[in-house]
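What follows is a set of notes on a single structure, which appears directly below.
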Amino acid sequence: MKTPIRVAVTGAAGQIGYSLLFRIASGAMFGPDQPVILQLIEAPIEKALKALEGVAMELDDCAFPLLKGIVQTSDASVGFKDANWCLLVGAKPRGPGMERADLLKDNGKIFIEQGRIIDAVAAADARVAVVGNPANTNCMIAASQAKRLPAERFTAMVRLDQNRAQTQLAKKAGADLTTVKSIFIYGNHSPTMFPAFAQATIGGSPATSVITDTAWLQGPFCETVGKRGAAIIAARGLSSAASAANALVDHVRDLMTPGAIHSVAVKSNGLYGFDANVWAGMPVRTTTPGSYEVITGHAMDDFAKSKIAATNKELVEERAFVADMIK
Ligand code: NAD
Ligand code: LMR
């Protein structure tokens, strides 16, 4: 039998956690023959820790053959110990009317601490995926604390945006979802993100030759994808959870699958005109399990360049906003 992968999950008793943990334990994230040990981390709040006990009981009650252990803790140095994957979900979520920047300071403190502890105690091959918002900048903050783990091990999730964009293109084209390929998200997980429709294909043809309504692609399409999170909050009174958990399963599974091509927010290193020190969504190709290379060379027209400039500006502003924290 394979050695279990240790998966640390913060915010394990939260909404996303409740949709996520059962998928990990069932094999959806790491495959049907890969055992896992779940290391569940919650805030040191009685109600959250009690809820976590209930989640752990339910995981037990599923009798998942691949689940080889559950750790429950509010101590991050216990929860991240020897973790191979650290899924940073726990954070204060955005409520109605709030922008992600409002969350930066509060959540920034959490990611400073977690970045430092992960670097100190996680496994030598540890990978980090950040979901808690504002995800790109929280990822940058966590990575800023790492001395041992290289920056490319820290990724943030823009996969929910890619999945949203794929569905919107399929609906507009009246095509099956699976025929929409190469729709990548550039920039921030926020309304400024850019779903680069000119690179997408539908049924093997350029999306722009199937959907010839350029005004729709540049306007309502980009806007619907960018503001989908707010639309869900307005409808549910709570932020997206099942779709976010599903996107994290996709994010990690594809990062563990050599050859997979998908959108991930990574340290830009100046690619596609982004500031070198922000974490920006980009297309990547997984090379070996857990490692990837950015796919470079996608041509950008003036519209795409202006969208990338806007989302880069926001990322640079977010970074400036927390500059005192990451010194
Ligand atoms: P939630 O409030 O239901 O759960 C968050 C959990 O995190 C809570 O149980 C809380 O106790 C816990 N927590 C808070 N601080 C913690 C800490 N320091 N350590 C460990 N746990 C801690 O929220 P949710 O709906 O599960 O959302 C979680 C985060 O994911 C939010 O920031 C939300 O905005 C974000 N989100 C991101 C995306 C994305 O695409 N990147 C999508 C949806 C939601
Ligand atoms: C989402 O995109 O659904 C989440 O990031 C929640 C939010 O605050 O928009």
Side-chain angles (χ1 to χ4, degrees), residues 8-21 39-55 71-80 86-104 106-118 129-139 141-142 155-165 185 187-193 195 224-252 263-265 279 281:
V9 182
T10 68
Q15 287 201 88
I16 295 176
Y18 197 65
S19 288
L20 176 68
L21 300 176
Q39 306 191 165
L40 309 180
I41 306 170
E42 254 300 339
I45 299 169
E46 202 185 327
K47 198 169 165 220
L49 291 170
K50 193 79 194 153
L52 186 60
E53 274 178 33
V55 174
V71 173
Q72 297 173 56
T73 185
S74 59
D75 180 346
S77 57
V78 172
F80 291 126
C86 303
L87 309 182
L88 307 189
V89 178
K92 183 175 159 186
R94 186 162 67 122
M98 281 171 79
E99 277 309 324
R100 288 176 180 78
D102 300 330
L103 294 175
L104 259 175
D106 282 355
N107 284 338
K109 288 181 208 139
I110 297 176
F111 288 85
I112 290 268
E113 163 98 343
Q114 292 182 349
R116 190 178 53 74
I117 295 175
I118 289 168
V130 178
V131 173
N133 278 321
N136 299 50
T137 296
N138 287 338
C139 187
I141 292 171
T155 61
M157 188 172 92
V158 287
R159 183 57 177 266
L160 180 53
D161 312 302
Q162 178 185 308
N163 291 349
R164 287 168 171 167
I185 304 297
N188 205 2
H189 171 66
S190 85
T192 67
M193 78 183 73
T224 300
V225 177
K227 296 192 173 162
R228 189 69 159 185
I232 288 165
I233 291 169
R236 252 171 51 87
L238 289 168
S239 68
S240 63
S243 57
N246 177 66
L248 185 56
V249 170
D250 289 345
H251 174 109
V252 175
S263 307
V264 178
W279 262 247

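All values below were derived from every heavy atom in this structure, side-chain atoms included, with hydrogens, water molecules and symmetry-related copies excluded. Counting convention: from 1, in listed order, for ligands and their atoms alike. Since the structure is predicted, the reported quantities are computational estimates derived from the model, not experimental observations.
Judged by distance alone, the side chain of Asn136 and the main-chain N or O of Gly187 form a donor-acceptor pair under 3.5 Å. The closest donor-acceptor contact from the side chain of Asn138 to the backbone of Gly132 lies under 3.5 Å. Judged by distance alone, the side chain of Asn107 and the main-chain N or O of Pro134 form no donor-acceptor pair under 3.5 Å. Between the side chain of Thr10 and the backbone N or O of Val89, at least one donor-acceptor pair lies under 3.5 Å.
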* Any chance you could lay out the side-chain contact (heavy atoms from CB on, under 4.5 Å) test for Gln162 and Val158, step after step, and finish with the verdict? => CA-CA 7 Å; Gln162 178 185 308; Val158 287; over 6 Å; no
* Please step through side-chain contact (heavy atoms from CB on, under 4.5 Å) for the pair Leu49 and Ser74, ending with a clear verdict. => CA-CA 8 Å; Leu49 291 170; Ser74 59; 4.0 Å; yes
* CA sep, side-chain torsions, deciding dist, call: Ile16, Leu248, side-chain contact (heavy atoms from CB on, under 4.5 Å) -> CA-CA 10 Å; Ile16 295 176; Leu248 185 56; 5.6 Å; no
* To do: Tell me, with the steps shown, if His251 and Val264 meet side-chain contact (heavy atoms from CB on, under 4.5 Å).
  => CA-CA 7 Å; His251 174 109; Val264 178; 3.7 Å; yes
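Distance OG1/Thr73 to CG/Leu40: 10.0 Å, rounded to 0.5 Å. Atom OG in Ser77 sits 11.5 Å away from atom CD in Gln114 (nearest 0.5 Å). Atom CG of Leu160 and atom CZ of Arg228 lie 9.5 Å apart (nearest 0.5 Å).
Closest to atom 4 (O) of ligand 1, if we only count protein heavy atoms, is Gly14 CA, 3.2 Å. The single protein non-hydrogen atom nearest to atom 23 (O) of ligand 1 is Pro93 CG, 3.7 Å, given as residue, atom name and distance. Given atom 16 (C) of ligand 1, the protein heavy atom at minimum distance is Ala43 CB, 3.9 Å. When hydrogens are left out, the protein atom nearest atom 10 (C) of ligand 1 is Glu42 OE1, 3.4 Å; that is the closest non-hydrogen contact. Annotation: atom 34 (O) of ligand 1 to nearest protein heavy atom, Asn133 ND2, 2.9 Å. Shortest contact from atom 15 (N) of ligand 1 to any protein heavy atom: Ile110 CD1, 3.8 Å. Counting protein heavy atoms only, atom 30 (O) of ligand 1 is closest to Ile16 CD1, 3.5 Å. For atom 29 (C) of ligand 1, the nearest non-hydrogen atom of the protein is Val89 O, 3.2 Å.
Among residues at least two apart or in separate chains, salt bridge (charged side-chain N to carboxylate O under 4.0 Å, His left out) pairs with a member in residues 42-53 are Lys50-Glu53. Counting only residues at least two apart or in different chains, side chain to side chain donor-acceptor pair (under 3.5 Å) contacts with residues 234-246 comprise Gln15-Arg236, Arg23-Asn246.
Listed by number with element, the atoms of ligand 1 under 4.0 Å from a non-hydrogen atom of Leu160 are 40 (O), 42 (C). Heavy-atom contacts of Gly229 reach the following atoms of ligand 2: 1 (C), 2 (O), 3 (O), 9 (O) (cutoff under 4.0 Å). Atoms of ligand 1 lying under 4.0 Å from any heavy atom of Met157, numbered from 1 in the order shown and given with element: 39 (C), 40 (O), 41 (N). Listed by number with element, the atoms of ligand 1 under 4.0 Å from a non-hydrogen atom of Ser239 are 25 (O). Residue Gln114 approaches ligand 1 through these ligand atoms, each under 4.0 Å from one of its heavy atoms: 17 (C), 18 (N), 19 (N). Residue-ligand proximity, Ile233 to ligand 2, at heavy-atom distances under 4.0 Å covers atoms 7 (C), 8 (O).
With atom 39 (C) of ligand 1 as the reference point, the heavy atom nearest to it among Lys47, Gln15, Lys92, His189 is part of His189. By heavy-atom distance, the residue among Lys227, Met157, Met193, Arg164 lying nearest atom 1 (C) of ligand 2 is Arg164. Selection from Gly79, Ala265, Ala244 by nearest heavy atom to atom 42 (C) of ligand 1 gives Ala244. Atom 43 (C) of ligand 1 has its nearest heavy-atom neighbour, among Ala247, Gly11, Ser240, Ala48, in Ser240.
Under 4.0 angstrom from ligand 2, there are no non-hydrogen atoms of Arg228. If you look at Asn133 next to ligand 2, the close heavy atoms, those under 4.0 Å, all belong to the side chain.
Residue contacts with ligand 2: Asp161 is placed with no nitrogen or oxygen under 3.5 Å of a nitrogen or oxygen of the ligand (distance criterion only). For a threshold of 3.5 Å applied to N or O pairs, the pair formed by Val131 and ligand 1 contains at least one separation below that value. Taking any N or O of Ser239, backbone or side chain, none lies under 3.5 Å from an N or O belonging to ligand 2.
Put simply, the residue from Ile118, Ile110, Ile41, Val131 that forms a side-chain contact (heavy atoms from CB on, under 4.5 Å) with Leu88 is Ile118.
Residue contacts with ligand 1 include Ile41, since one of its heavy atoms falls under 4.0 Å from the ligand.
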